[in-house]
A.B. asks: 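First, the structure itself, so that you have it in front of you.
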Protein chains: 2
Amino acid sequence: MKVNARELESLMGYNARRVWLAVLGRFGERMGVRGLKPAEFSVLLLVSHNPGITSRQLCASLDILPPNLVRMVHMLQERGLVERRAHPRDGRAVGLHAPPAGLALTREAVRVARQVEADVTGSLTQAERATLSRLLRKVAGPNPGR
Amino acid sequence: MKVNARELESLMGYNARRVWLAVLGRFGERMGVRGLKPAEFSVLLLVSHNPGITSRQLCASLDILPPNLVRMVHMLQERGLVERRAHPRDGRAVGLHAPPAGLALTREAVRVARQVEADVTGSLTQAERATLSRLLRKVAGPNPGR
DNA sequence: TATTGTTATACTCTATAACTATA
DNA sequence: TATAGTTATAGAGTATAACAATA
């Protein structure tokens, strides 16, 4: 017996979630063995591209709450992917930096992410893929922070 | 200090998640007072459109695990939005049906969902919105079930 | 007084194992 | 033996409150 899901599948929120879950699953398959989850990847990527970034800035950029970032940074630090250094101007803050190992894993993870993206959007033409990427980004918009 | 998130924001998975979170948040604001969460909405919608659908079919269609569906159905049942009836042919199974109250809330929730969708995609033209919807659906594809 | 970062904790969502009743 | 549905429970992800150190 076939289930009628037409109206549900016509909703963009529902489809956006399914696309996200598809990406999540495939990324996990390929990067899970390296112990890097999507959320940790996003943190590592921002640290790599923003040497000295603080926890507060990471939280605002990624819409993560400070208490939930602590464990992620701690994990990345324990694996030698991120270093914590005293902030030059603010004694309360800690600047995060990616040592060579962190930068290397970032590059590899980005390659995996792009490959996952290509796999998930395999049913699209190159032009459609570019359009989808552009429109999604336009809707997601700039992060207003908190 | 401006955070460089260019590469992160160029990833479709990341943007798909942000679009989903935007929809999630707005839907919660408007339907939360009615006690209907997005996951429960999807269950109610499928029951409304598929009278007699079983838990197993719901789980396969929505990619939900059976134990996690139990509470949702129970909640919907307690609110009089869903009814459980013995399956005509299979004594193990239970057919789910939406009484008038369930059908009414389904219609209202669909209206809210479409309004949320319009709000979230407010930065898009009508043509872009249609394109995004089509491409997202194409990527999300038919649910292969489990 | 406000902010950075942390701990402890709770709540939700999701996942696994084991059980029953029926097929 | 396999399947539908359930219970109990464990693991993630996400949320709030309260605190120490610094601004």
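When reading the values below, keep in mind they use all heavy atoms of this one structure, side chains included, and skip hydrogens, waters and symmetry mates.
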A.B. asks: Between P on C/dA23 and NE2 on B/His87, what's the gap in Å once rounded to a whole number?
C.D. replies: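 Taking atom P of C/dA23 as the reference, NE2 of B/His87 is at 11 Å.
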
A.B. asks: Give a yes or no on this: more than 12 heavy atoms of other residues, nucleotides or ligands lie within 6.0 Å of atom CZ of A/Arg114.
C.D. replies: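 Above 12, so yes.
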
A.B. asks: Specify the separation, in whole Å, of atom CG of B/Leu65 and atom C1' of D/dG11.
C.D. replies: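 After rounding, the gap between these two atoms is 13 Å.
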
A.B. asks: A/Ile64 CD1 to C/dT4 P: how many Å, rounded?
C.D. replies: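 After rounding, the reported distance stands at 16 Å.
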
A.B. asks: Starting at CG of B/Leu62 and ending at P of C/dA15, how long is that distance when rounded to a whole Å?
C.D. replies: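 Rounded to whole Å, this separation is 13 Å.
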
A.B. asks: Atom CG of A/Leu21 to atom C1' of C/dC13: distance rounded to whole Å?
C.D. replies: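 In whole Å, C/dC13 C1' lies 12 Å from A/Leu21 CG.
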
A.B. asks: By nearest atom, which of the nucleotides D/dA15, C/dT7, D/dT6 is closest to the A/Val70 side chain?
C.D. replies: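 When the side chain of A/Val70 is considered, C/dT7 is the closest of D/dA15, C/dT7, D/dT6.
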
A.B. asks: Any donor-acceptor pair under 3.5 Å linking the side chain of A/Glu128 with the backbone of A/Thr125?
C.D. replies: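 Here the side-chain-to-backbone pair exists.
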
A.B. asks: Both B/Pro67 and A/Thr54 contact DNA chain C. Which one's nearest nucleotide lies toward the 5' end?
C.D. replies: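 Per heavy-atom nearest nucleotide, the more 5' residue is A/Thr54.
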
A.B. asks: Any base atoms under 4.0 Å from A/Arg71, or only sugar-phosphate, or nothing? Heavy atoms, all strands.
C.D. replies: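 Base contact.
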
A.B. asks: With a 4.0 Å limit, can you tell me whether A/Lys37 has a side-chain N or O closer than that to the phosphate oxygens OP1/OP2 of D/dA12?
C.D. replies: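 No.
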
A.B. asks: If you pin B/Gln57 and B/Asn68 to their nearest nucleotides in DNA chain D, which one's is more 5'?
C.D. replies: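 Residue closer to the 5' terminus by nearest nucleotide: B/Gln57.
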
A.B. asks: Separation of A/Leu69 atom CG from C/dT4 atom C1', in whole Å?
C.D. replies: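 Checked: the CG to C1' distance equals 12 Å.
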
A.B. asks: May I ask you to verify whether the side chain of B/Arg92 and the base of D/dT3 hold a donor-acceptor pair under 3.5 Å?
C.D. replies: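 Counting by modelled atom types and ignoring angles, a donor-acceptor contact under 3.5 Å is found here.
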
A.B. asks: Provide, to the nearest angstrom, the distance between the CE atom belonging to A/Met75 and the P atom belonging to D/dG13.
C.D. replies: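 Spelled out: CE on A/Met75 to P on D/dG13 is 10 Å.
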
A.B. asks: What closest approach, in Å, do B/Gly102 and B/Ser48 show between heavy atoms, and which atom pair accounts for it?
C.D. replies: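 Heavy-atom minimum between the residues: O-OG, 4.1 Å.
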
A.B. asks: For a quick test of reading the model: is some side-chain N or O of A/Arg84 closer than 4.0 Å to OP1 or OP2 of C/dT6?
C.D. replies: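 Yes, A/Arg84 has a side-chain N/O under 4.0 Å of OP1/OP2 on C/dT6.
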
A.B. asks: May I ask you to check whether over 12 heavy atoms, not counting those of B/Arg30, lie within 6.0 Å of atom CZ?
C.D. replies: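 It does: B/Arg30 CZ has more than 12 such atoms within range.
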
A.B. asks: Can you tell me whether the side chain of B/Asp90 and the base of D/dA4 have a donor-acceptor pair closer than 3.5 Å?
C.D. replies: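 Flag unset: no donor-acceptor pair detected.
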
A.B. asks: With a 4.0 Å cut-off on N to O distance, would you call B/Glu117 and B/Arg129 a salt bridge?
C.D. replies: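 No, no charged N to carboxylate O under 4.0 Å.
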
A.B. asks: How long is the line joining CZ of A/Arg56 and C1' of C/dA2, in whole Å?
C.D. replies: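 Taking atom C1' of C/dA2 as the reference, CZ of A/Arg56 is at 11 Å.
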
